[in-house]
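Okay, so here's the structure we're looking at.
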Amino acid sequence: MSDRPKIDRPRGTHDIVPAEMPRWQHVTGELERLCRLYGYRRIVTPVFEDTALFRRTSGVGSDVVQKEMYTFTDRSDRSLTLRPEGTAPICRAYVEHGMHRDPQPVKLFTIASMYRYGAPGRGRYREHWQASVEALGSDDPRIDAELIQLYDTLLARLGVTRYHLELNSIGCRECRPAYLETLRGWLAENGQRLDADTLAKAEASPLRVFDNYLAKPPDVRAALAEAPTIGESLCAACVAHFAGVRAALDATGVRYTLVPTLVRGLDYYSRTTFEFVGPMANENSTITGGGRYDYLIEEIGGPQTPGIGFGAGVERLLIAMDEEGVEPPGDEGIDVFVALEDGAPRERVARWLAELRRAGVAAETEYAGRSLKGQLTQARRLGAARVVVVGPDSATLREPSRPDEPVEFDAIVSRLSP
RNA sequence: GUGGCGGUAGCUCAGCUGGUAGAGCCCCGGGUUGUGGUCCCGGUGGUCGCGGGUUCGAGUCCCGUCCGCCACCCCA
C-alpha cells in the first residue's frame, strides 16, 4: 500500500467483481433467453439523454424529477440527465428511428444501468442495473398478460418462489379525470380524518394518497378504506381491457393480487399497472414495477402509440435469490493447467499455450513464481480438468482418477487438443 | 433529505471501565501424503474509515466528516 490517499467508489454505487459474475450472468443470460423466446429484441440507448425527455414523461411532480435526477450541463450548455429509468429512452429511440413504420408491435428490451440520486441502502443504489422490457404499438390486453407472464417465468426459472404480483388498472384519459374529481371531492370532505402526510399527498398528487397505506395510523387507514379507488372507477373500455388482462393471466396460470390503490410513481402510466414484490424484509422489496403507457410516445412528439413494459431491478432479483437460498452457479473451470518444474522450457510452453488456445482449449500456466505444490493448488482453484507437469526434458499428464501419463514434448499439443 | 445503529488485516470478527493490535478464513513457503485432498509448522499482510479535540497516553472518550445498514419517504 502506498501513502497516497485511497479513493473509494462513489456513494451508492457498486462493483460487480468477477466472483459475482456467474450469478450475474445467470440472471441476465436467463432474461436474454426468455426475451428471445418471447420475441423481444435487444436495444442499447445512451446513458444520458436530453433532460426534457424525463421531465416531460415522468412528470415534473414525480419524485424522480423532483429530487433524484443526475442532471448536468455539458460544455455547450445542453442540459443532460443520466437516465433514471429505461422506458422513455426506448420510446424516444422508437420514434427517432421510425419504428412506428415497422410491423407492430415492436418488442424491445435492454439491460442497462440507471441513475437515481436517493438515500442508498440494501437493494437501493444510485447506480443500479435494470432490465427494461417494452412492447410498443399494441393495446391488446393479452400482450400485457404476456409481458407479465414473461417476468413470472423468469422468476420461476431462477428459483424465486417467495413473491407476489400486485395488479391494478389506473384508467385512461376518459375515466381518470372524472375519478380524480371524485377523489378530490372526497379528500376535501374527509380532510379532518387524515394525517398531515396524507394531506400533503392530496395536495401534490391525489392518486398517491394511498401510497404506503400499511404504515399510516389506523384511523387514517380506516378513513382511506372508504375513499373511492381508481381501480373501482374505470370507464367501460378500461374495465373491458382490464378484464382481458386478467383473463389472459388466468389462462396462463399467473397468480396475482388485485390492489385497487396501486399506482406508479411516474406520470406516463395508464391502464394496467403491476409490481412484483419479493421476499426482502425491508421496504425495498419491489423487484419489478411496470405498466401500460398509452400516451408516452405522443408526449415526446411521436404518433399515438400504446405501449407497456416493466423495469426489473437486477440487484433486487439477486437479493431475492439469496433470500431463497438459490444455489448460484459456480465459475467455469479451465481445460488445462501447465505446471512448471525447475528447468522447464518456458518458450516452448508459451508456444504450446498459444497452439492450445488456437485449438479452443482454455489453458493457463504459472506466472507468480509458485512452488510446484502451489501450482497444483492454483490449478485446482482454476478448476483445471487436466494438469501437465513440465520438467526440463519431459512432461507428465495428470487427470483425475487416472494414472499419470508421460508425454513427449512433441506430443503435448495434440494430446491435449480435442 | 430527517432520525437511529455501525465502520479494526483481502473476508468474518474479537479487543472489558483509555496503557501503544489479535483469531479464523484467504494468500505464500516448508513438512506429511499417492505431486491438486487432509493434517502439522512457519510467514506476508493493519496510518484501527478520514480529520480535529481531550489526555502523560486514544481502536477505546468528545466533535466533525465520509461510507454502510435500518426506519421514514419513495422506488428497481
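For the numbers below, each heavy atom of this structure counts, side chains included, while hydrogens, waters and symmetry mates do not. Numbers restart at 1 for each chain; the letters A, B, ... are given by sequence-line order, proteins then strands.
Regarding contacts with the backbone of B:G49, every side-chain N or O of A:R11 stays at 4.0 angstrom or more from both OP1 and OP2. Phosphate contact (OP1/OP2 of B:C28, side-chain N/O of A:R370, threshold under 4.0 Å): present. For B:G30, the OP1/OP2 oxygens have a side-chain nitrogen or oxygen of A:S371 closer than 4.0 Å.
A:R126 is not listed as a side-chain neighbour of A:P10, based on a closest heavy-atom distance of 4.5 Å or more.
Test A:R398, A:R386, A:R415 against A:E405 for salt bridge (Lys or Arg N to Asp or Glu O under 4.0 Å) and you get one pass: A:R415.
The distance from atom CD1 of A:I412 to atom CZ of A:R351, rounded to the nearest 0.5 Å, is 11.0 Å. Within the model, atoms NE2 of A:H26 and CD of A:E20 stand 15.0 Å from one another, a figure rounded to the nearest 0.5 Å.
What separates CG of A:D63 from P of B:C72 is a distance of 15 Å, to the nearest Å. Rounded to an integer number of Å, the gap from CG of A:L372 to P of B:G36 is 9 Å. Atom OH in A:Y163 sits about 17 Å away from atom C1' in B:A76, given to the nearest Å. As rounded to whole Å, 9 Å separates atom P of B:C75 from atom CD of A:E68. Taking atom CZ of A:R116 as the reference point, atom C1' of B:G1 lies 17 Å away to the nearest angstrom. In this entry the distance linking CZ of A:R380 with P of B:G34 reads 19 Å, nearest Å. For the pair A:R9 CZ and B:G49 P, the interatomic distance rounds to 17 Å; values are reported in whole Å. As rounded to whole Å, 14 Å separates atom P of B:C67 from atom CD1 of A:I7.
When the nucleotides B:G68, B:G36, B:A76 are ranked by their closest atom to the side chain of A:P120, B:G68 comes out on top. In the set B:C70, B:C75, B:U35, B:C70 carries the atom at the smallest distance from any side-chain atom of A:R122. In the set B:U32, B:A76, B:G36, B:A76 carries the atom at the smallest distance from any side-chain atom of A:R316. Nearest nucleotide to the side chain of A:R381, out of B:C28, B:G36, B:C73: B:C28.
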Problem set entry | Derivation and outcome, salt bridge (charged side-chain N to carboxylate O under 4.0 Å, His left out), residues A:R381 and A:E364 | CA-CA 12 Å; A:R381 279 192 293 243; A:E364 186 56 276; over 6 Å; no

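Heavy-atom nearest nucleotides on RNA chain B were determined for A:E399 and for A:G369, and the one closer to the 5' end corresponds to A:G369. Of the residues near RNA chain B, A:V387 and A:Y117, the one whose nearest nucleotide (by heavy atom distance) lies more toward the 5' end is A:Y117.
Residue A:F310 is out of contact with every strand shown, counting any heavy-atom pair closer than 4.0 Å. Looking at heavy-atom distances under 4.0 Å, A:R398 makes contact with a base. Using a 4.0 Å heavy-atom criterion, one finds that A:A379 contacts the bases of the nucleic acid, with or without backbone contacts as well. Within 4.0 Å of A:A339, counting heavy atoms only, lies no atom of the nucleic acid at all. In this structure, A:A368 reaches neither bases nor backbone, as no heavy-atom distance under 4.0 Å exists between it and the strands shown.
RNA chain B is contacted by A:H128, A:Q130 of residues 126-135 of chain A, taking any non-hydrogen atom closer than 4.0 Å.
If you check distances only, the side chain of A:K373 does reach the base of B:U32 with a donor-acceptor pair under 3.5 Å.
Pair check for B:G22 finds B:C13; Watson-Crick or G-U wobble, both atom distances under 3.5 Å.
Using cut-offs of 30° and 60° for the angle between ring planes, the A:Y163 and A:F276 rings count as tilted. Classified by interplanar angle (parallel below 30°, tilted 30° to 60°, perpendicular above 60°), the ring pair A:H100/A:Y94 is tilted.
Among residue pairs with one or both ends in residues 133-144 of chain A, those qualifying as side chain to side chain donor-acceptor pair (under 3.5 Å) are A:T87-A:E134, A:E134-A:Y293, A:D140-A:R142, A:D144-A:T272, A:D144-A:R292; sequence neighbours excluded.
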